[in-house]
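To start, the structure under review is shown below, and the notes come after it.
Atoms within each ligand, like the ligands themselves, are counted from 1 in listed order.
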Amino acid sequence: MYNEINLDKIEIDAEPPIEEPARQYYFMAECREWVKNFEQRHGRLPKACVVNMGCQMNARDSEKLVGILEQCGYHMIDSEEADFVIYNTCTVRENANNKVYGRLGVLHGYQKKNPDMMIALCGCMMQEPSVVEKIKHSYPFVNLMFGTHNIYKFAELLYRAVTKRSSVVDVWEDTEKIVENLPSERKFWFKSGVNIMFGCNNFCSYCIVPYVRGRERSREPEDILREIEALAADGVVEVMLLGQNVNSYGKNLARPVTFAQLLKRVEQIEGIRRIRFMTSHPKDLSEELIEVMKQSDKICKHLHLPLQSGSSEILKKMNRRYTKEQYLELVEKLRAAIPDIAVTTDIIVGFPGETEEDFEETMDVVLKAQYDRAFTFIYSKRTGTPAAEMENQVPQDEVKRRFDRLLKEVQRIAAKKAMVYKDTVQKVLVEQMNEQDNQFVTGRLDNNSVVHLKGTSDLIGQIVDVRLTECRGFYYLGEVL
Ligand code: SAH
Ligand code: SF4
Ligand code: F3S
């Protein structure tokens, strides 16, 4: 793996290699020379800050950016008053975009105080040509922009940006390529996200992800297993397998493999004690997967199963390819097979043409499915998606009213469901110091619920038995036994 590559042995006076990832290691070595030079000029290392703005997939990409910056010699900090700041953007809803524009103004202020400062943007927003144009025109102080398909080229682009001192823009429309074995720096030493596939082929009519992440591509199972084995050897106990639709993993490989088969192989890796995955599309959830989850004591008893809408009519317009009845049947089947499974979901309110009756159907599913947690979103029009062209956009005040009603109901049910575990003893993976009180640490149950307990930093990374003494709606207080 990458750790064995010694940057000192790379001949930076020679031509850069053509093949990957060797080419990127060459540019890391080049950047490292540049960093040494910076250190001589300033008497300190350059400081860099990576800001993640998107989903778990983006979070994993951000770890790769940090890994590369560290290899180059940058000193990583959390503050955006740095010498190099990169925003890894999300564009799934309009407000994600607005946040970036707002914060760019603040960054510009820092850059005026520190003329050496470089500002970079990458991630999903950059895959929209209109965004790149707007930034070039209205925010010309941005030094580097690249997209989701060529993130593996970060070292090369960084080198071009620091040496050229003029704006570098490199965005690809799509790619077939998956480059393995690049550095990455985990945010948590004991748990890690692992990409099993990239892109999405589902084209739900409201969603921009297939346009900005490209076509579905699965990694070879051997590459995934090798990565997880290396993580386990490095102390990782929990992995989260990542993909926009993990249930269709492996279908397009030269030697097809199902997601359930992959899970079975991941389970055999010694040292891994918890396996999670995100996200499951209801249309592709197989009996085989339910069976594997049922048999396993490593796969967490949690399934995130986005509903989006409870109305079959709206589901059809959303191109989700299941009906209300099929969805409910699936939840029933899951609960029958694995009684203590936590089911969570995503719901969109105010999709074009959503009537009061359609909304009542969503409320009905919420009541019947009894979600342990639900993420609720107000529909956001994304230019370029089929839904953006649909008529009958729902008036904002109506959407807000429905949204508030839905939120109240999902919160009521989630609180009721959480109460069931009060006074029981559960396994908790302790993840971090409590953000409010340093006498406490915070961890997660198998079903992903958050628990705060009295304890010190030495518990971090351990799985401990905890009595849940109090339930406060969304989280628990507990005591280590
Ligand atoms: N691949 C995942 C979801 C990725 S996006 C899946 O299919 O489940 C995460 C969530 O954002 C989606 O589940 C959806 O609820 C929400 N979302 C996506 N596009 C949206 C839009 N245009 N407006 C509001 N919410 C949206
Ligand atoms: Fe978007 Fe649908 Fe793909 Fe999820 S499955 S990323 S909601 S298009
Ligand atoms: Fe956002 Fe891109 Fe993830 S649009 S939700 S960061 S795949």
Please determine whether a side-chain nitrogen of the Lys or Arg among E80 and R103 lies less than 4.0 Å from a carboxylate oxygen of the Asp or Glu.
yes
Subject >> Sidechain N-carboxylate O distance under 4.0 Å for D372, K417 >> reply: yes
- Message: I'd like to know if R320 contacts ligand 2, where contact means a heavy-atom distance under 4.0 Å to any ligand atom.
- Response: yes
Q.
Hydrogens and angles aside, do T344 and H302 bring a side-chain donor and acceptor to less than 3.5 Å of each other?
A. yes
Atom 7 (S) of ligand 2: closest protein heavy atom, distance to 0.1 Å, is Y206 OH, 3.4 Å
Of all protein heavy atoms, the one nearest atom 4 (C) of ligand 1 is Q244 OE1, 3.4 Å
Going by the 4.0 angstrom heavy-atom rule, the piece of R213 near ligand 3 is side chain
message = Restricting to N/O/S atoms, is C204 within less than 2.8 Å of atom 2 (Fe) of ligand 2 or not?
response = yes
Note to self: Taking D346 first and then R320, would you say they form a salt bridge - that is, a charged N and a carboxylate O separated by under 4.0 Å?
What the structure shows: no
So is V92 close enough to ligand 1, meaning a heavy atom under 4.0 angstrom away? yes
Check: of C200, A96, S380, A388, min heavy-atom distance to atom 21 (C) of ligand 1 comes from S380
among protein heavy atoms, the one nearest atom 15 (O) of ligand 1 is Q308 OE1, 2.7 Å
Atom 7 (S) of ligand 3 has as its nearest protein heavy atom Q244 NE2, 3.3 Å
Quick look: Y206 vs ligand 1, heavy-atom contacts under 4.0 Å, and the answer is both
Which of V236, I460, L231 passes side chain to side chain contact (heavy atoms under 4.5 Å, CB included) with F190? It is I460
Honestly, for C55 the part within reach of ligand 3 (heavy atoms, under 4.0 Å) is both
R382 heavy atoms within 4.0 Å reach ligand 1 at atoms 22 (N)
Here the atoms of ligand 2 under 4.0 Å from any heavy atom belonging to C200 are 3 (Fe), 5 (S), 6 (S), 8 (S)
- request: Taking only Lys NZ, Arg NE, NH1 and NH2, and the carboxylate oxygens of Asp or Glu, determine whether D61 and R213 approach each other closer than 4.0 Å.
  value: yes
Honestly, for P210 the part within reach of ligand 2 (heavy atoms, under 4.0 Å) is side chain
The closest protein heavy-atom partner of atom 1 (Fe) of ligand 3 is C90 SG, 2.4 Å
If you scan protein heavy atoms around atom 11 (O) of ligand 1, the nearest is R93 NH1, 3.0 Å
Indicate yes or no: does E431 engage K187 in a salt bridge with an N to O separation below 4.0 Å. no
